[in-house]
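All remarks here apply to the structure that follows.
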2 protein chains.
Amino acid sequence: MSGGNGTGAPLRVIPLGGLGEIGLNLLVLEHGDTAIAIDCGVMFPDASMPGIDVAIPDVTYLRGLGERFRAIFLTHGHEDHIGALPYVLAERAVPVYGTPLTLGFVRERLGEHGISPTLAAYGAEPCRVGPFAVEPFAMTHSIPDSVGLAIRTPVGIVVHTGDFKLDQTPLDGRLPDIGRLAELGAEGVALLFSDSTNVEHAGITPSERSVGAELEVIFRQATGRVLVTTFSSHIHRMQQVIDLAARFGRKVALVGRSLVVHVGVARDLDLLQVPEGTLVDLARARDLPREQVALITAGSQAEAASALVRIAMGDHALVRLDPGDVVVLSSRIIPGNERAISSLMNHLYRRGAVVVHDRVARVHVSQEELKLVLNLVRPRHFVPVHGEYRHLVRHQRLAMEVGVPAEGCHLLEDGDVLELDDAGARRAERVIAGRVFVDGKGIGDVKDVVLRDRRHLSEDGLVLAVLAIHQRSGEIVAGPDLVSRGVVGEEASPEVLDAARGAVMEALVALNPESRTDPAEVKEEIRRALRRYFKRLDRRPVILPFVMEM
Amino acid sequence: MSGGNGTGAPLRVIPLGGLGEIGLNLLVLEHGDTAIAIDCGVMFPDASMPGIDVAIPDVTYLRGLGERFRAIFLTHGHEDHIGALPYVLAERAVPVYGTPLTLGFVRERLGEHGISPTLAAYGAEPCRVGPFAVEPFAMTHSIPDSVGLAIRTPVGIVVHTGDFKLDQTPLDGRLPDIGRLAELGAEGVALLFSDSTNVEHAGITPSERSVGAELEVIFRQATGRVLVTTFSSHIHRMQQVIDLAARFGRKVALVGRSLVVHVGVARDLDLLQVPEGTLVDLARARDLPREQVALITAGSQAEAASALVRIAMGDHALVRLDPGDVVVLSSRIIPGNERAISSLMNHLYRRGAVVVHDRVARVHVSQEELKLVLNLVRPRHFVPVHGEYRHLVRHQRLAMEVGVPAEGCHLLEDGDVLELDDAGARRAERVIAGRVFVDGKGIGDVKDVVLRDRRHLSEDGLVLAVLAIHQRSGEIVAGPDLVSRGVVGEEASPEVLDAARGAVMEALVALNPESRTDPAEVKEEIRRALRRYFKRLDRRPVILPFVMEM
């Protein structure tokens with residue numbers, strides 16, 4: 001058995017996000033006077049958080065650590081792992097470690113917020129921070145350049161898988177480093193954190209390459225435009241679309257700002273290969289014959305105001321669908337977005353498009369591979385991460401099945417604290433953890449991001465706008481009614497709210513008739529109008545639009 | 001070619017619900033001075049309709065028909081096909097035709113509303129109503145005693161499949177009458193309406209019996225209680241659970257009022273066989289050893305205040321889960337309920353239960369069988385029914401693939417009117433159609449159902465209650481704030497709203513701590529409190545609780 005060289009202090013394991021609900025990944029490891037964090041992500045809102053752009057982890061505990069908090073180590077560049085960096089680094093600009101693509105995405109994110117901490121790429125040597133020595137190893141996921149982490153600590157080796165699948169035929173040939181997991185296991189691992197997202201799926205997760213075969217059939221048969229929607233960080237999916245487009249004589253245009261940014265970063269790092277002349281401007285694509293065009297669009301989750309939603313509503317300045325165009329929804333549905341995506345699909349059909357929701361490749365590891373990792377690493381202690389409560393329970397059960405002793409399995413939720421030393425593991429007092437909402441990240445005014453948490457809510461308050469529309473005509477049946485809470489001063493006076501109501505009405509009347517029947521669009525419009533209105537009064541209340549269809 | 005005996009008048013086809021969105025099934029056929037309706041259903045709310053119990057079709061058009069509207073023919077007893085009967089019959093009590101089980105369920109429904117129209121079982125002879133002669137034929141679905149309808153009209157035979165799957169091994173041995181479909185096809189069918197729900201599923205739909213095999217494994221292995229959740233009308237699923245329980249030495253208790261009612265109706269009609277002594281009271285089941293108990297519970301869609309949600313929250317008076325109990329969610333997820341069901345599952349896991357979301361058997365017909373029906377019936381005209389817009393489009397495409405001429409395929413949405421005569425088919429002017437909300441159907445005060453439509457909204461108004469709770473502690477972070485609209489008179493005064501606010505606070509404080517962290521429970525509690533409060537003032541506003549988690 002390695003580890004446990006007796007400094008006396010225990011290793012403290014403190015998940016601040018991602019355990020018990022999906023997203024917000026932020027895991028703190030603390031030993032003596034040094035603390036490091038693994039990942040630092042956001043959570044995107046679902047129907048239960050109307051009007052909210054994004055949620056970040058509560059950083060009260062990190063704030064309390066002060067100078068003891070010394071570094072953040074990233075596993076990959078997804079928003080639920082890097083998106084909260086601007087907020088956390090604004091409190092304290094610790095160095096951030098990651099792979100080149102991950103840091104490329106982080107740099108874009110931070111640039112938007114005007115923060116510039118040290119960003120350091122993992123090197124050949126482990127990164128040493130206090131008693132921790134962190135070494136990455138290759139993993140595969142739905143974003144290139146993903147890693148797991150092996151962390152040497154005074155109580156032994158800690159392994160974190162990151163988010164992963166075990167793709168044996170990755171598009172870039174960079175295999176997951178299963179050999180390294182085996183070596184670490186042979187050396188002796190004190191604690192394993194492993195991805196629980198797909199623990200409910202039996203068997204193994206298919207390779208990203210399997211998606212290519214399905215896309216090829218679509219490209220072969222398409223006679224109109226081909227639109228493929230995917231996450232803007234899914235570089236390998238885009239690579240497959242670009243390769244197919246080139247093969248079938250189509251030009252590719254990108255629709256959506258985040259796509260353009262991410263593609264730029266990936267090309268700079270040579271992680272995305274674009275054949276000469278394949279990528280064209282959207283304006284150029286508009287003028288090409290339909291059968292020579294492929295579009296990659298953002299909006300896979302039917303986010304209001306996303307490119308795809310605008311296209312579906314006939315409200316996109318440069319892209320108009322014609323009957324016979326094919327729209328491929330090539331990304332999994334994030335739970336909570338089912339209704340919105342279903343409605344999006346109906347609108348696409350109304351435009352005459354052929355909609356293909358392809359058999360989506362899973363992007364997280366499934367049961368058999370989770371057992372493989374557990375068997376290779378053979379940890380003394382195991383903490384399932386990245387999952388809702390039920391995923392964590394099932395992952396823990398899986399670990400016991402393959403022989404991790406029950407007393408070594410720890411089911412932690414956000415805010416729980418586990419202490420580990422030679423004597424064993426025990427729970428310590430819980431710390432503050434939870435979600436904090438961020439409002440105001442509209443495309444175009446990203447600089448204007450305003451952090452709203454429970455403290456700020458009481459300063460800037462909340463404006464709720466209620467409206468009932470007729471589901472078919474978009475006609476306003478009742479409202480808009482405005483109710484404010486915590487909006488201090490005369491801004492909360494009836495006159496001001498009346499004027500705000502007028503601003504909302506004006507915006508709604510100006511909305512195109514089709515958008516008016518789409519609650520998501522109407523909500524977005526209400527938010528834009530109210531944000532603009534209150535900004536003039538120098539107020540930034542949290543705006544919650546609430547649209548009923550009748 | 002049959003039909004078209006030249007009365008001159010066209011057959012008017014007028015879908016008032018169910019085409020373009022799921023639920024609310026209500027299809028009107030009109031010829032000369034006679035109109036009949038097929039089915040008359042409700043739609044259950046999803047997250048986009050908070051605070052709404054149920055929606056019914058707008059009956060403005062039916063109302064306009066006056067005495068010309070002469071009968072309703074039912075295909076089966078699901079709520080989305082019979083649930084709106086109390087409201088439609090309250091306007092005009094036309095006779096209702098159905099099979100014995102369907103009418104049994106209808107009778108229960110109407111009894112709750114104190115309405116007693118003529119309910120007539122289909123007989124050996126076709127039912128004649130004006131120029132229509134309606135004859136049912138056997139179909140299989142997730143409720144026994146389902147039928148399709150063959151309707152002779154002056155313009156030819158009209159066939160309506162009802163909701164169906166083609167189960168070749170139904171539990172009750174009552175096979176779908178494919179022979180009759182073939183005969184009708186040979187005779188010549190002018191118009192076919194066919195179920196589009198599962199048109200996106202390739203292949204065929206497995207038999208209900210296949211679910212039994214999976215349930216058997218669960219019963220064989222279970223060491224604690226077995227709870228099976230299903231729709232209360234799914235008599236055959238209950239039959240399988242009861243048979244397995246008897247085989248494995250367990251007593252069965254029913255949890256939920258609607259289950260008890262439906263089981264009673266089915267037993268009276270000999271459609272459910274319960275071995276002597278197998279069914280016991282819930283109080284009795286509580287005192288039996290865990291391994292001798294099976295429970296059938298309502299709440300498969302995680303409806304607030306349903307038995308299963310109360311059990312999951314540890315808030316059910318008679319059922320308390322222990323670690324090792326197995327909960328089987330044995331019903332499909334109705335779109336829009338994914339988040340609520342996911343949260344329900346997490347709570348069940350927190351109680352230590354083993355949760356099985358079994359591979360749910362599809363209950364609607366899939367592509368290959370839809371093609372079979374089209375090929376047997378060979379209709380001159382085809383209208384896909386029972387589906388969202390995209391389902392209708394895909395079903396229409398399927399029909400063209402098997403040879404229904406494009407000019408015979410009609411994609412109708414609710415409110416569209418199709419006229420059919422010897423000269424062919426054409427669109428006529430649209431009629432009013434849409435959803436109307438019903439608020440106030442709480443268990444216990446079902447008699448108190450109040451119909452809210454757009455007219456009533458302006459009379460009784462709307463009270464919106466906004467509350468922010470801490471996601472973990474259930475602590476109230478902001479609110480409750482009340483905003484009213486259209487609540488006339490002094491009831492809308494600040495004092496009254498303040499008092500209402502007090503009533504809400506009181507109810508929330510009395511709520512058990514676990515329920516306080518469940519937004520659905522909190523909403524339900526707010527509604528109960530406000531309904532009670534305004535009832536004392538003799539007001540029945542639509543109540544919309546709005547709970548944010550922070």
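The sequence lines fix the lettering, A, B, ..., with proteins before strands; numbering per chain opens at 1.
- With chain B as the partner, the residue from A:E388, A:H391, A:M345, A:R350 showing the most heavy-atom pairs under 4.5 Å is A:R350.
- Remark: A:Y349 OH to B:R394 CZ distance equals 4.5 Å, nearest 0.5 Å.
- The line from NE2 of B:H357 to CZ of A:R390 is 9.5 Å long, rounded to the nearest 0.5 Å.
- To the nearest 0.5 Å, atoms OG (A:S342) and CD (B:E21) are separated by 11.0 Å.
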_Is there a side chain to side chain contact (heavy atoms under 4.5 Å, CB included) between A:E338 and B:I333? Walk through the geometry before answering._
CA-CA 11 Å; A:E338 294 84 357; B:I333 296 178; over 6 Å; no
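- For chain A, the option among B:L392, B:D414, B:V355 with the highest count of heavy-atom pairs below 4.5 Å is B:D414.
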